[in-house]
There are 2 protein chains.
Amino acid sequence: MQESETLHTRQAHSDIRGSGSLNIHLKKSPRNAESRDDDASLSSGQDLLARLRADIVKHTFAPETKLKFSDLTERYGLGIGTLREALSQLVSEGFVTLESGKGFRVAPVSRRDLAEVTEHYIAFEKRALAQSIAAGDDEWETRIVASFHSLGIIEDLSWAERMRRHGDWVDRHRQFHEALVAACADRWLLRLRSLMFYQLERYRFLSKMNREKSPTRKGTEHRAIMEATVARDATKAVALLERHIRETSESISGTLD
Amino acid sequence: MQESETLHTRQAHSDIRGSGSLNIHLKKSPRNAESRDDDASLSSGQDLLARLRADIVKHTFAPETKLKFSDLTERYGLGIGTLREALSQLVSEGFVTLESGKGFRVAPVSRRDLAEVTEHYIAFEKRALAQSIAAGDDEWETRIVASFHSLGIIEDLSWAERMRRHGDWVDRHRQFHEALVAACADRWLLRLRSLMFYQLERYRFLSKMNREKSPTRKGTEHRAIMEATVARDATKAVALLERHIRETSESISGTLD
DNA sequence: TATTATAGAAGTTTCGAAACTTATTGCAAC
DNA sequence: GTTGCAATAAGTTTCGAAACTTCTATAATA
């Protein structure tokens, strides 16, 4: 039923929840020489947050679904308190609603909400990308190329295969967009961007379930954005990015209501 | 020690946390005929969230302070689970950090963080105000005038009195700014604005503790913003607002580091 | 039939104790 | 002295049971 579960928890390291910055790691092994930057063994509670969010994004729980503790404790094998803690954070992030005495529900979706999220996301990502292009170093550039390639591997597959590995596509798609803006120095901008990204991701899934989008167009768009970015052509990159996001959202919007 | 606590919970209706909207007050009497539209009883946990946030904003807990459960349970008279739940939400809002195994701390402050928060807040509030001016009705206008007056009552006091009632000033200042943007239809914009507003509020307190700001200048600025707004002069109102916020932040910035 | 009252079920909220992790202290060996 | 290690203390994290609230179904009443 669930797809690529193990990957997920590790990758949800973006920083939507983090406060300070990107240090969220956990220790476990006293010192492990290699250590990328954030290698983290998160307390089971932090894991849960990522898992729950992923399950909402993936529409494992449909919008407006009641989130009963009896179900959740069984599904995740964790206690009520731990679950409440994670759900509370998702309330702040806008994925879950809480009505006193009546418990938690998955937040509703609507065409209007999608429109708002889209516009905010575009504004954030454009600025973050422009700043990133201005500040990025070689390593930043390299990671963009790498994550683009990783994403391309899946996008070049046949339709059936692509559907089968959709969970992987989602992860790599997120990584690609994160790589683009990674050199932006504005912490809050990255945080807000991340917030909106996850919101949009839920809508992206919704569209995937209804119909399949324009086939290989996306791959081409991603390539164009990547190329303009590593060429440091901020104006072009930003324009391409905006069109990319807006068109995707508009096609999703048609499937709503 | 705490000032105007009862007011607080009622006024924290902005919508930083909530999904739904603006319902937050307390219940007690079984049914009270009046009932505006959304009268909702908040579970003690929701209260706690507002109280904790207020205490962080007010620097009752200084930045980087460790938030020990032994202290908190005593101070608020609530169980550990309930506290964790509220703290988790504050992590999402950026007021608190969580390091696995080492517990919660009040998020740090810095000149750079202030600069980021300020710019984002300005961008949000400007757009929200412009939209609000375009869409606001008579009732909206009236509430602005009312909340300006309420705020002015405190701003016109002597220095000593103003300091004594600073807690009230904070509440009314928030209400005034909320009234300005109340007619904006973009839910997410209001939410993001609210997020940044509370962040800035913490810095405002910090400045209050160090030195007293320019005396009556603020009152004049608020009046000018109010007048331009009710005159539906969006361009002017937005420009005044921007200057008002930026100057305040800049003066605070000087007291940091 | 429609309405209200009541009992029971279902579900949520809160709490504190048990398990676990991190920090501190004391003590010995070098 | 200081380094290493163990023992203890302090603190965090997790869990499930008890208290409480909301919902549902049934019965009583007009």
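Being a predicted model, the structure only gives us computed values, none of them experimental. In the text below, chain A, chain B and the rest are named by the order of the sequence lines, each starting its count at 1.
Taking atom CG of residue B/Leu83 and atom P of nucleotide D/dT14, one finds them 16 Å apart after rounding to whole Å. The interatomic distance linking A/Asp71 (CG) with C/dA10 (P) rounds to 13 Å, in whole Å. Nucleotide C/dT21 holds its C1' atom 13 Å from the CD atom of B/Glu99, rounded to whole Å. Distance, A/Leu87 CG to C/dG11 C1': 14 Å, rounded to whole Å. Put simply, CD on B/Glu85 is 8 Å from P on C/dT13, counting in whole angstrom units. At whole-Å resolution of the value, OH in B/Tyr76 and C1' in C/dC15 are 18 Å apart. As rounded to whole Å, 10 Å separates atom P of D/dC23 from atom CZ of A/Arg105. What separates CZ of B/Phe104 from P of C/dT22 is a distance of 15 Å, to the nearest Å.
Here the side chain of A/Leu98 is nearest to one of C/dG16, C/dT13, C/dT12, namely C/dT13. Minimum atom distance to the side chain of B/Lys68 is reached by D/dT12, of the listed C/dT14, D/dT12, D/dT13. Of the candidate nucleotides D/dG11, C/dT12, D/dT14, C/dT12 has the atom lying nearest to any side-chain atom of A/Phe69.
Checking the phosphate oxygens (OP1, OP2) of C/dT21, no side-chain nitrogen or oxygen of B/Ser100 falls inside 4.0 Å. In this structure, B/Lys102 does not reach the D/dT13 phosphate: none of its side-chain N or O atoms is under 4.0 Å from OP1 or OP2. The phosphate of C/dT12 has neither OP1 nor OP2 within less than 4.0 Å of any side-chain N or O from A/Arg84. Checking the phosphate oxygens (OP1, OP2) of C/dT13, no side-chain nitrogen or oxygen of B/Thr82 falls inside 4.0 Å.
For the pair B/Arg204 and B/Phe197, the cation-pi criterion (under 6.0 Å, within 45° of the ring axis) is fulfilled.
A/Trp140 places a side-chain N or O within donor-acceptor distance of the main-chain N or O of A/Ala179, the cut-off being under 3.5 Å.
For the side chain to side chain contact (heavy atoms under 4.5 Å, CB included) test, residues two or more places apart in sequence or in another chain that qualify with A/Lys102 are A/Glu99.
Mapping A/Ile80 and B/Leu67 onto DNA chain D by nearest heavy atom places B/Leu67 at the nucleotide closer to the 5' end.
A donor atom on one side chain and an acceptor atom on the other are not found under 3.5 Å apart for A/Asp71 and A/Tyr76.
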Audit row: A/Arg187, A/Arg191, side-chain contact (heavy atoms from CB on, under 4.5 Å) steps and yes/no: CA-CA 6 Å; A/Arg187 302 299 211 186; A/Arg191 213 177 151 125; over 6 Å; no

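Residue B/Leu78 is in sugar-phosphate contact alone, with no base atom involved, counting any heavy-atom pair closer than 4.0 Å across all strands shown.
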